[in-house]
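Below, all heavy atoms of this structure are taken into account, side chains as well, without hydrogens, waters or symmetry copies. Proteins come first, then strands; the chains are lettered A, B, ... in the order of their sequence lines, and each starts at number 1. Everything numeric here is computed off the predicted structure, so don't read it as measured data.
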There are 2 protein chains.
Amino acid sequence: MPLKVRKNQSPEPPQPCMLTHCMAVISGAWAANVIWSLRAGPRRFNELRTDIPPISAKVLSTRLTELEERGVLSRNVQPTSPPSVEYALTELGGELVPALEAIVKVGHRLKMRDEG
Amino acid sequence: MPLKVRKNQSPEPPQPCMLTHCMAVISGAWAANVIWSLRAGPRRFNELRTDIPPISAKVLSTRLTELEERGVLSRNVQPTSPPSVEYALTELGGELVPALEAIVKVGHRLKMRDEG
DNA sequence: TTATCGAGTTACCTGAAGGAAACCTGGTCA
DNA sequence: TGACCAGGTTTCCTTCAGGTAACTCGATAA
């Protein structure tokens, strides 16, 4: 007798495609790092580059554009010369920080387990 | 006068590479979906395939192997015939669920904002 | 007038990850 | 004896995200 495919016994499951869609908010190389870097306050383009040394200008630029479009961060041009640009988390973007913190916590403990 | 690169004024910053390392725990196509699917209890290979229709057997297999290696889930062979295999979140893996939930929550609100 | 700066673009190239489809294995039941 | 099952592997092919490096732009300061 073939095994029956069980219904997943969850109360009211947000669809997996919902998850996919939401995870896309932090997708792309270094996206999480950018959010992480902004968690303590606004940063300028070149500051982010030094925060995340391996990121290239191209990818940082792409990622910042995307994250702004997604509503995670805001871009603020300062009228200095040369103009400097500050990036900051939006309110909603800020709510991603605890989630990232949770992942870091688990990741850290997994590492402990592997090494300890 | 060139702008000074500000120190990021965070209390005790876990390094960005720490974040990178931890994010890697849920990296790879559909990894988050697999964890998400397991949050309500153990699932078999083919159940996961129907939970996540677009995933291919190859990628699911790869992902399950990786996630097991990372300590996120456990693999349990049932001595039925043909043998069936149950995957379940480990305790640490389970702790990723609230993080994913947080991301879903924000993603959902961002979507509301876009559409509403 | 030339260099510097911040903040990006542009062009080009590459490799690793992922998709599709076929195949495998050992047991069972019809 | 042949088909079916679960749970994968293997092969092959493609693509596109990301890396490198050079370039842009307008203003200023040396």
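In this structure, B:Arg75 contributes its side chain and B:Val85 its backbone to no donor-acceptor pair below 3.5 Å. Using a distance-only test at 3.5 Å, with no hydrogens or angles considered, no donor-acceptor pair links the side chain of B:Arg49 to the main chain of B:Leu60. The closest donor-acceptor contact from the side chain of A:Arg70 to the backbone of B:Leu110 lies at 3.5 Å or more, if one exists at all.
The CG-P distance, from B:Leu3 to C:dC5, rounds to 11 Å in whole Å. Look at CG on B:Leu60: it is 13 Å from C1' on D:dA6, rounded to the nearest Å. Between B:Asn76 atom CG and D:dA6 atom P the separation is 18 Å, expressed in whole Å.
Remark: B:Tyr87 is not in phosphate contact with D:dA6, judged by side-chain N or O atoms under 4.0 Å from OP1 or OP2. The shortest distance between the side-chain N/O atoms of B:Arg49 and the OP1/OP2 oxygens of D:dA6 is not below 4.0 Å. Within the 4.0 Å cut-off from OP1 or OP2 of C:dA17, not a single side-chain nitrogen or oxygen of B:Trp30 is found. Listed pair A:Arg75 / C:dG8 meets the phosphate criterion, a side-chain N or O lying under 4.0 Å from OP1 or OP2. Contact annotation: B:Ser61 does not reach the phosphate of D:dG8 (side-chain N/O to OP1 or OP2, under 4.0 Å).
At the heavy-atom level, A:Ser56 lies under 4.0 Å from base atoms of the strands shown.
Shown are A:Arg43, A:Arg39, A:Arg44; of these, the salt bridge (Lys or Arg N to Asp or Glu O under 4.0 Å) with A:Asp51 is made only by A:Arg43.
Electrostatic pairing of B:Glu86 and A:Arg6 counts as a salt bridge here, judged by a charged N lying under 4.0 Å from a carboxylate O.
We find the CG-CG distance between B:Leu48 and B:Asn33 to be 10.5 Å, quoted to the nearest 0.5 Å.
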Open item on the list: I'd like to compare against my own output: the B/S/- annotation of nucleotides 21-30 of chain D with a strict under-4.0 Å heavy-atom distance to protein.
Closed with: -----BSS--
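Here the nucleotide nearest the side chain of B:Phe45, chosen from D:dG8, D:dA6, C:dA7, is D:dG8.
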